[in-house]
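Since we're looking at a predicted model, the values are computed, not measured. Quick note: numbers below take in every heavy atom, side chains included, and nothing from hydrogens, waters or symmetry partners. Numbers here are sequence positions counted from 1.
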Amino acid sequence: MDRLACLLLLAAAAFGQDSGRLVAHRLNRAEYNNTIRDLTGADLNLAATFPADDSGYGFDNIGDVLTLSPVLMERYLAAADIVVHTPEAHRHIFLCGHETGQPHQPSCARTNLAAFARRAYRRPVTPTEVDRLVRFVRAAQRNGDTFEQGVLVAVKAVLVSPQFLFRIAEGSQVALASRLSYFLWSSMPDEELLRLAEEQRLRAPGVLEAQVRRMLEDSKSRALVENFAGQWLQLRNLDQASPDPKQFPGFNRGLRNGMRRETTLFFEAIVREDRSIFDFIDADFTFLNERLAKHYGIDGVTGPEFRRVTLAGDRRGGVLTQASVLTVSSYPARTSPVLRGKFVLDNFLNAPPPPPPPGVPALRESAAGAPMPMRERLEQHRANPACASCHARMDPLGFALENYDGVGRWRTHDGESPIDSPGPAELRRIIRSQPDAFRDALASKLLTYALGRGLEPYDQPAIETIRRGLEAGGDRFSQLVMEIVKSVPFQMRRGDIE
């Protein structure tokens, strides 16, 4: 552990901050695919055949739930065999001795394997580790294989090694480089980042900040949009959304993909343009093509291409009025102020409600065979004292979005009943009136994602520090990322490996 790391740990203890426990963190499917791509140059999407990753705390990169089953180990073995037979991988494996006329020399095997293992393990490798890999080459040659075949056997051993498949969370600068790259890129460190860490310069004044800016500007930061935004805003659930075709006959695959595309492009703009995080609440722009613009009732957008559109009025603005979020927070046949209110409390106000008590009946759909307005149905539901306290918080937030139907279209009536809603402008006002709550909510979600673990009470001082730094930095998205990267939980780990 370097001197600065020790000082950080001592400072954290002095100010009551705790860095969290050590865990061995298996690469999830997205991380595995991206790491293979950046390690070998082969973009193979091999993890599509792996079992689905379990999720915890809303994300699928949580170390505690990323187990290693026998089936997954078999898939890793099969994937490694595919990787080593791709021409792209050979260009990253054979630095000497391959199609050059050089003999099957030990020094050449060491050169190839030491360089590959360093990148695969995301750290310097020891002579003993290289010796073990070279023994695979010698054993293969004794069995009649060529030099190249022997090297590929050793490479396969690297690709199924725990040193490749797992990240060990500890406080060294090399570990910090991996933590940073998997946070922003869902992939391994590149050569610049790894070299700075190996030279113990990553924590030098200004260096870490410069690396964060460089990495956010790199196209690989799109992984942050896909993997963080896709789970924070539940965009991945769009694939499972099944709006009732009788209620919503215009909903189809093209519209579903357009909804996802709008929110992805919007989040990417927040990152690329380093905009305020409060644009998630009330930005006056979005991204539309003709199909989605017609769905919204917005004129002047033609063609299938998505383009930036300035929004007028108060019907649309920010992610909460985008059809993707409104669809995943609805039931197949109707809207749900409860689901939408819970979504806002959890993701935007840092106040997730507890699960409903057991034995509470479901919301009644009708009374005496006649349609009943949603507000009346919910008033009946929360007459149950066990339900009243939570619904008093959720329902007003959800009702502010009731002018949007189950697929995000604007409406003034629910069937024959007029919509009784304060409207989206009121919801934006409520969230804007609690800026620290929103800062804490987004910081908590992004810190959970960055650490790959759930937050604990001892993380609260870190959240408060992140919030203050975020506000001082103008609430820019890059400032939020930088405050998380500088935080004690991100920089350090305590305890023994579990």
| query | If you count the non-hydrogen atoms of other residues, nucleotides and ligands that lie under 6.0 Å from CD in Glu416, is the total more than 12? | reply | no
| query | If you draw a 6.0 Å radius around NZ in Lys342, do more than 12 non-hydrogen atoms from other residues or ligands fall strictly inside? | reply | no
| said: For residues 291-316, which residue pairs pass the ring-ring contact (aromatic ring centres under 6.0 Å, His included) check, not counting sequence neighbours? | reply: none
| field | Closest non-hydrogen atom pair, Arg122 against Ser178 | value | CB-OG, 3.4 Å
| task | Of all the heavy-atom pairs spanning Ser324 and Leu238, show the shortest one and how long it is. | result | CB-CD1, 3.8 Å
Give the table of side-chain donor-acceptor pairs shorter than 3.5 Å for residues 309-319, with sequence neighbours excluded, one pair per line with atom names and distance.
| residue | atom | partner | partner atom | Å |
| --- | --- | --- | --- | --- |
| Arg316 | NH1 | Thr321 | O | 2.8 |
| Arg316 | NH1 | Gly408 | O | 3.1 |
| Arg316 | NH2 | Gly408 | O | 2.8 |

| Can you find a heavy atom in the side chain of Trp232 that is under 4.5 Å from one in the side chain of Leu442? | yes
| query | Would you say the side chain of Asp53 lies within less than 4.5 Å of the side chain of Arg26, judging by non-hydrogen atoms? | reply | yes
| said: So, taking the atom named CG in Asp459 and the one named OG in Ser444, what distance separates them when rounded to the nearest 0.5 Å? | reply: 9.0 Å
| said: Distance check, rounded to the nearest 0.5 Å: Leu233 atom CG versus Arg260 atom CZ? | reply: 12.5 Å
Charged N-O contact under 4.0 Å between [X] and [Y]:
X: Asp190; Y: Arg214; value: yes
X: Asp239; Y: Arg236; value: no
X: Asp282; Y: Arg432; value: yes
X: Arg213; Y: Glu209; value: no
X: Asp440; Y: Arg467; value: yes
X: Lys445; Y: Asp346; value: yes
X: Glu273; Y: Arg308; value: yes

| task | Decide whether a cation-pi geometry holds between Arg75 and Phe50; the criteria are a distance under 6.0 Å from NZ or CZ to the six-membered ring centre and an angle within 45° of the ring axis. | result | no
| task | Answer yes or no on whether Lys220 is positioned over the face of Trp185, meaning its NZ or CZ is under 6.0 Å from the six-membered ring centre and within 45° of the axis. | result | yes
Does [X] have any ring pair (Phe, Tyr, Trp, His ring centres under 6.0 Å) partners at least two apart in sequence or in another chain, and if so, which?
X: Phe438; result: Phe278, Phe348
X: Phe59; result: Phe228, Tyr449
X: Phe183; result: Phe490

| query | Strictly by modelled atom types, are Thr35 and Tyr182 linked by a side-chain donor-acceptor pair under 3.5 Å? | reply | yes
| message | If the condition is salt bridge (charged side-chain N to carboxylate O under 4.0 Å, His left out), which residues does Glu226 pass it with, not counting sequence neighbours? | response | Arg222
| task | For the pair Phe267 and Phe477, name the ring-plane relationship: parallel under 30°, tilted 30 to 60°, perpendicular over 60°. | result | perpendicular
| Can Thr263 and Gln322 be said to form a side-chain hydrogen bond (donor to acceptor under 3.5 Å, both in side chains), step by step? | CA-CA 7 Å; Thr263 305; Gln322 292 178 4; 2.7 Å; yes
